[in-house]
Asker: 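Take a look at this one; I'll ask things after.
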Amino acid sequence: GYVFQNCTSLTEIDLPDSVEFIATRSFENTGLVSVKLPSSLKYLYQRPVLPSKGYSSWRSVSVTSTIATYFAAQFASCQNLTEVILPAGLEALGPGVFQDCPNLTRIVYDGYTGSGNALPASLAEITGCAFKGVPITNLTVEGLTKAYNYAFSSADQLKSITFANDCKITEIPGYCFRYDAMLETVVLPDNITIIGTYAFSDCTALGFLTLPAKVTDCLLYTSDAADE
């Protein structure tokens, strides 16, 4: 980890196809403008293993004082970064991976031909604040098995998010979209059965939400007073 951290003169990099994992804060605060990640890459994570396969992400995910303050943050705070092309086979996005990249307006995967931003169907897990402070306005999630608390939180310019109906995810976790103040449209897949506590807290532009028919447990609290 940290291998190119604060290399502000680094504007481009060509990663070999053998790379499967990029460690913590490897490119944080660099001068990268556009990044196309190698097709072999599977994990943008703080460890080369998913939480569901034995590593507890909660030892390192954080947004509040009640949780530790460690982020994967591989491309965090890259002020000049405007575009990221993810590999089509990516399996995990770690906490804070693109946080505070103020000009990152395009996130797609290799081979994507649609409009807007999109995550690949291969994606299994997203942990906290992956898009915190990233100015994307839309996102299509073509595949996802599990999201952790705060997964899409603090994406404060995100207006719409659509989950493909064949996503395997069954739970929208607590605080998932918290502080997404401009979020207006959310399309959830039919598989959802649980909406976690404060999942849409502080989403002040969200006028209504259509819940899938299978939802049996829904904790849509919205006020900070209730949070206390």
Side-chain angles (χ1 to χ4, degrees), residues 51 57-73 75-79 84 93-107 116-119 123 125-141 144 146-164 167 169-189 191-212 214-228:
S57 66
W58 289 117
R59 286 180 291 186
S60 56
V61 174
S62 153
V63 238
T64 69
S65 58
T66 60
I67 307 173
T69 57
Y70 179 90
F71 282 97
F75 294 94
S77 303
C78 289
Q79 303 299 306
V84 172
L93 283 176
V97 59
F98 300 118
Q99 69 170 351
D100 299 326
C101 291
N103 293 298
L104 180 55
T105 56
R106 186 169 189 257
I107 302 174
N117 302 287
L119 301 179
L123 196 63
E125 300 183 6
I126 297 179
T127 55
C129 292
F131 307 100
K132 176 181 180 290
V134 175
I136 57 172
T137 59
N138 62 80
L139 184 63
T140 297
V141 182
L144 188 61
K146 186 175 181 61
Y148 288 81
N149 286 8
Y150 297 96
F152 299 97
S153 176
S154 301
D156 52 12
Q157 295 189 46
L158 185 66
K159 292 183 177 181
S160 67
I161 185 167
T162 299
F163 291 82
C167 281
I169 189 172
T170 60
E171 177 180 358
I172 300 299
Y175 309 94
C176 187
F177 298 99
R178 192 172 197 186
Y179 303 126
D180 292 355
M182 297 182 69
L183 188 62
E184 299 173 346
T185 304
V186 180
V187 179
L188 298 173
N191 289 334
I192 297 297
T193 60
I194 299 172
I195 306 290
T197 306
Y198 302 110
F200 297 95
S201 177
D202 299 290
C203 293
T204 52
L206 187 63
F208 65 92
L209 179 67
T210 300
L211 298 179
K214 294 180 181 179
V215 171
T216 58
D217 191 355
C218 182
L219 300 171
L220 284 177
Y221 305 134
T222 58
S223 73
D224 288 333
D227 193 17
E228 301 298 323

Asker: Sequence neighbours excluded, which residues qualify as side-chain contact (heavy atoms from CB on, under 4.5 Å) partners of Ser160?
Answerer: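 Checked Ser160 against side-chain contact (heavy atoms from CB on, under 4.5 Å); matches are Asn138, Thr185.
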Asker: Looking at Cys101 and Pro135, what are the two nearest heavy atoms and their distance?
Answerer: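 Here Cys101 and Pro135 meet closest at O-CD, 3.3 Å.
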Asker: Do the rings of Phe163 and Phe177 sit parallel, tilted or perpendicular, given the 30° and 60° boundaries?
Answerer: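 Rings of Phe163 and Phe177: perpendicular, over 60°.
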Asker: A side-chain contact here means heavy atoms from C-beta on lying under 4.5 Å apart; do Phe98 and Val84 qualify?
Answerer: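 A side-chain contact under 4.5 Å exists here.
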Asker: Side chains of Ser153 and Arg178: do they bring a donor and an acceptor to under 3.5 Å?
Answerer: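 Looking only at side-chain atoms, Arg178 and Ser153 do not form any donor-acceptor pair under 3.5 Å.
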Asker: How long is the straight-line distance from OG1 of Thr216 back to CG of Leu211, given to the nearest 0.5 Å?
Answerer: 11.0 Å
Asker: Going by the side chain to side chain contact (heavy atoms under 4.5 Å, CB included) test, name the single residue among Leu119, Ile107, Thr127 that passes it with Leu93.
Answerer: Leu119
Asker: Locate the shortest heavy-atom distance separating Ala199 from Pro173; write the atom from each residue and the value.
Answerer: CB-O, 3.6 Å
Asker: Supply the atom-to-atom distance Met182 CE to Lys159 NZ, rounded to the nearest 0.5 angstrom.
Answerer: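 Those atoms lie 4.5 Å apart.
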Asker: Give me the atom names and distance for the closest heavy-atom approach of Gln99 to Cys129.
Answerer: CB-O, 4.2 Å
Asker: Working to the nearest 0.5 Å, report the span between OG1 of Thr197 and CG of Asn149.
Answerer: 8.5 Å
Asker: Please report the closest heavy-atom contact between Asn191 and Lys214, naming both atoms and the distance.
Answerer: OD1-NZ, 4.0 Å
Asker: Nearest 0.5 Å, what's the CZ-CD1 distance between Phe131 and Ile126?
Answerer: 5.0 Å
Asker: Of all heavy-atom pairs between Ala118 and Leu139, which one has the smallest distance, and what is that distance?
Answerer: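 Scanning both residues, the minimum pair turns out to be N-CD1, 4.1 Å.
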Asker: Among all residues two or more places apart in sequence or in another chain, which pass the side-chain contact (heavy atoms from CB on, under 4.5 Å) test with Ile192?
Answerer: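 Ile169, Ile172, Leu188, Pro189, Ile195, Pro212, Val215.
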Asker: Work out which heavy atom in Gly94 is nearest to a heavy atom in Ala130; give both atom names and the distance.
Answerer: O-CB, 4.0 Å
Asker: Output the distance between atom CG (Leu144) and atom CD (Glu125), rounded to the nearest 0.5 Å.
Answerer: 8.5 Å
Asker: Per the side chain to side chain contact (heavy atoms under 4.5 Å, CB included) rule, which among Leu158, Val186, Asp180 passes with Cys203?
Answerer: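 With Cys203 as partner, Leu158, Val186, Asp180 yield a single side chain to side chain contact (heavy atoms under 4.5 Å, CB included), made by Asp180.
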Asker: Give, for atom OH of Tyr179 and atom OH of Tyr150, the distance between the pair rounded to the nearest 0.5 Å.
Answerer: 6.5 Å
